[in-house]
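Notes for the one structure printed next.
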Amino acid sequence: MKPLSAATGHPALTRLHQSLWITVLMSLLFVGLFVYYVQAEKAIDQANEERLESLGLASELRQSSDDLTRMVRTYVATGDLVYQKYYMEILAIRDGHSPRPLDYRNVYWDLILGDGPRPRAAGAAVPLLTLMEQAHFTQAEFAKLAEAKANSDALTGTELAAMVLIEASGGDVAARRLRAIAMLHDAAYHEAKARIMRPIAEFQEMVELRTTQAVREAAHFAVLVRWVFAGVGLLLGFTLWQTYRALRHTLGGKLEDIHRQIERLGRGDFDEPIPVEPALQHSVLGWLAETQRQLLAADTEHRRSAAQINNLAFFDQLTGLPNRVLLLDRLRQTQAISQRTGQYAALLFIDLDHFKTLNDTKGHDMGDLLLQQVADRLRQGVHPDDTVARIGGDEFVMVLGGLGETARDAASATEAIAERLLRSLTRAYTLRGFVHHSSASLGATLFLGQGTSMDELMKQADLAMYRAKDAGRQAVRFFDPAMEAVVKHRAEIEDDLRRALQQQQFVLHFQPQVNSASELLSAEVLVRWQHPERGLVPPGDFIGLAEDSGLIVPLGRWVLQAACEQLACWAGRPGLGQLSLAVNMSAKQFRDPGFVAMVLEVVQHTGADPRRLKLELTESLLVHDVDEIIATMQTLQGHGIGFSLDDFGTGYSSLTYLKRLPLNQLKIDQSFVRDMLDDAHDAAIAKTIVTLAQSLDLPVIAEGVETLAQQRFLQQIGCHAYQGYLFSRPVPLDVFEPLALAGTLQSVA
Ligand code: C2E
Ligand code: CA
Ligand code: CA
């Protein structure tokens, strides 16, 4: 047995190998024993058969002796020659001169009628003595048979003599017959007969004894072999079990597991490690796990180089920004998104002014440093989802998405971003200790969907950029002159607004809020722009722009400050000291990081009672992080400031939010109030809002109440606070104060 482990040197394999060998040997032994056992069982049959054979030969000898006696006696008594013929035939068969009929024993001669046909077919001519010799008798047994045979042959002499006596001619025939009969029946005959039968009987006994002994021994032996066989079977079972265990140990797990893991490796799925018991690390499964680990490492390596290749192929090595290839891909994506969402997008070309001069005077290294800093500023200037790319030299390109559903909105949003970017690029740079100043020109083109090819868009933005350069650099130009005009106009208003803020051109109007008894309890503060040329401008004309440009933050602060100053001024004055003021907050203002601090500072600075201040929020606020909004509201509420949810019913509020928001009032939007009496839907909505407010324990107020009928209906459904032209339009302070001092408002109707 040359162990396989000589090659691998591993104990688990050695064990398996030995087990396999033992199993093979045991199996061979088992099979050999089985054959041996079958033969032992056969030996019993053989012994039995030999026994029958031996007894058969003895019985034939006795039978033939009896047949001879019968034939001779019948012949002597009847003189019929046929019996003599039978007699001779019996002798001839016995001595092997005539063929021996098959199954010659037993009653063969009794079956023959007259001289009729023989009952059984003829076999070979074999002397009985030869058969006996062949029958493996012991010497003693054979001697007995031979003795019987010899005695039988001897008696044949007497019988032949009796037959001769009858056949002789002359003399007294009857007397001769009588003498012959007497010869075949006398005591001597019987004695002679007995000399035949006695050895036969003795033979039978000896054979009986020997053969039963042989059968018993064979049977005993068979039983023994059977036990050994069963034992070896058990042993084989044991070695098979040992082999199985050795195999399990070598494999390290079930065959199914191995199969599954190999399949996984084949699929290239090697992220999840193959579980192997610590003791089975040197098993097939353990080796699989090791293979998997190595494949995983190779895979990681592969991924890393793929990432490197990707980086080289798609990114600018100097700035780390996407290169032209990736830019075009992003542009294509943005076009698709724009197509799907219906939102405008923009492509921006940015070119540094006089970059060549820096390169020529301070060297390319300095140029590279500047480009890197420009790249950083550009990247920080836009939303992470937008693309900033460098397509060569000092040329940068941007793709901005989600700019709004109208070209006007998109243009002003783009303008705002572009201006911001250009401003950021004019900030001083520090290049290796040198302070450097730079600027850039920017060209933009807007697009909606995939109507214009990317190539065309690139040309458009490029063209716009050259127009910006022509305009004297450090400027923004749009490809579309109409957009240019829009942007210009908005830019003008924005400048105007900025100036208005500086010059305090805004005024507050106050619109009374009353209860069912028409008592004036509070007012909403509404801003107006007192424009030097355009006159009084309503908030609808500039709030949106202020929101877009970010001016809403300083404007909102001004409104709050003015309102708080008014509250402080009224404090303690009879008829005015109890008034509350509601101030509108735009979402953008509310989300400004300094909002809470600003409000608290204004309240403290003016000395207004925060409990007289209510901030009106709209549902548009709730599209953003609600938890943060709630936190802001709670902080301010902690200082006594209240909140009203304005324009309720038009926005996004879900009931869940409504329940969570720490509100002090719901304000039914004026659109429902306006149509409530003509439109069953609006009436139902108004009712529902009131019911909802009641269930949330929130006071409710209706705005835009213009008629008495509207007020009555509102009162009927449970709304007991009102604001609207029915009581008063928003009015300047000098008109409002007398109204407040009167206490009760006469409805205008
Ligand atoms: P709003 O907050 O819904 O204010 C109510 C608007 O409805 C006011 O328009 C008011 O004049 C008008 N109104 C009041 N009663 C009636 C009525 O019976 N019938 C009709 N048809 N209208 C009535 P206004 O003053 O033009 O303000 C428009 C919007 O501008 C305000 O809507 C508010 O969203 C915004 N706004 C006004 N002032 C400010 C402010 O200081 N800050 C901010 N962020 N937004 C403001
Ligand atoms: Ca309002
Ligand atoms: Ca409103």
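Because only heavy atoms are used, hydrogens play no part in the values below, and waters and symmetry mates are left out as well, while side chains stay in. First listed ligand is number 1; within each ligand, the first listed atom is number 1. Just so you know, residue 1 is the first one in the sequence shown, and it goes up from there.
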- Query: Which heavy atom of the protein is the closest neighbour of atom 18 (O) of ligand 1, given with residue, atom name and distance?
  - Reply: Tyr725 N, 2.9 Å
- Message: Tell me whether Asn584 has any N or O atom under 3.5 angstrom from an N or O of ligand 1.
- Response: yes
- Query: Should Glu616 be counted as touching ligand 1, given the test is an N or O pair under 3.5 Å?
  - Reply: no
- So CZ of Arg379 and CG of Leu421: to nearest 0.5 Å the spacing works out to 13.0 Å
- Task: Count the heavy atoms of every other residue, nucleotide or ligand shown that sit under 6.0 Å from NZ of Lys687, and state whether that count exceeds 12.
- Result: no
- Query: Does any donor atom in the side chain of Gln333 or Asp329 lie under 3.5 Å from an acceptor atom in the other side chain?
  - Reply: yes
- Do the side-chain N and O atoms of Gln723 and Gln513 include a donor-acceptor pair separated by under 3.5 angstrom? yes
- Note on the structure: atom 32 (O) of ligand 1 sits nearest the protein heavy atom Leu526 CD2, 4.9 Å
- Set of residues satisfying ring-ring contact (aromatic ring centres under 6.0 Å, His included) with respect to Phe506, sequence neighbours excluded: Trp529, Phe542
- Is there a nitrogen or oxygen of Val527 sitting under 3.5 Å from a nitrogen or oxygen of ligand 1? yes
- Flag atom 38 (N) of ligand 1 as yes if some protein heavy-atom distance to it falls below 4.0 Å, otherwise no. yes
- Message: For Glu494, is there an ion pair with Arg498 - N to carboxylate O distance below 4.0 angstrom?
- Response: yes
- Query: Would you say atom 4 (O) of ligand 1 touches the protein, meaning some protein heavy atom is under 4.0 Å from it?
  - Reply: yes
- Task: Compute whether any side-chain donor of one residue and acceptor of the other, for Ser438 and Asp353, lie under 3.5 angstrom apart.
- Result: no
- For Gln504 and Trp558, test the side chains for any donor-to-acceptor distance below 3.5 angstrom and give the result as yes or no. yes
- Message: Just to be sure I read this right, does ligand 1 sit under 4.0 Å from the backbone of Leu726, its side chain, both, or neither, counting only heavy atoms?
- Response: neither
- Message: Return the closest protein heavy atom for atom 44 (N) of ligand 1 as residue, atom name and distance.
- Response: Ser586 N, 3.6 Å
- Sub-4.0 Å heavy-atom contact, Gly556 with ligand 1: no
- Note on the structure: Checking heavy-atom distances from atom 7 (O) of ligand 1 to each of His509, Arg528, Gln670, Met585, the winner is Gln670
- Task: Could you tell me whether Val705 approaches ligand 1 through its side chain, its backbone, both or neither, with non-hydrogen atoms closer than 4.0 Å?
- Result: backbone
- Message: Assess whether a salt bridge exists between Asp470 and Arg467, defined as any Lys/Arg side-chain N lying under 4.0 Å from an Asp/Glu carboxylate O.
- Response: no
- May I ask whether Glu524 places a heavy atom under 4.0 Å from ligand 1? yes
- Count, excluding waters, the protein N, O or S atoms that are closer to the Ca ion (ligand 2) than 3.0 Å. 4
- Measure the distances from the heavy atoms of Gln511 to every atom of ligand 1 and state whether one is below 4.0 angstrom. yes
- Which atoms of ligand 1 sit under 4.0 Å from any heavy atom of Glu703? 3 (O), 5 (C)
- What residue and atom, counting heavy atoms only, is the protein's closest point to atom 11 (O) of ligand 1, and at what distance? Pro730 CG, 3.3 Å
- For atom 21 (N) of ligand 1, grab the closest protein heavy atom and report residue, atom and distance to one decimal in Å. Glu706 OE2, 3.1 Å
- Does the protein put a heavy atom less than 4.0 Å from atom 30 (O) of ligand 1? yes
- Query: Between the side chain of Ser412 and the main-chain N/O of Arg408, is any donor-acceptor distance below 3.5 Å?
  - Reply: yes
- Identify, for atom 24 (P) of ligand 1, the protein heavy atom at the shortest distance, and state residue, atom and that distance. Pro539 CG, 3.7 Å
- Okay, side chain of Arg612, backbone of Cys564: is any donor-acceptor separation there less than 3.5 Å? no
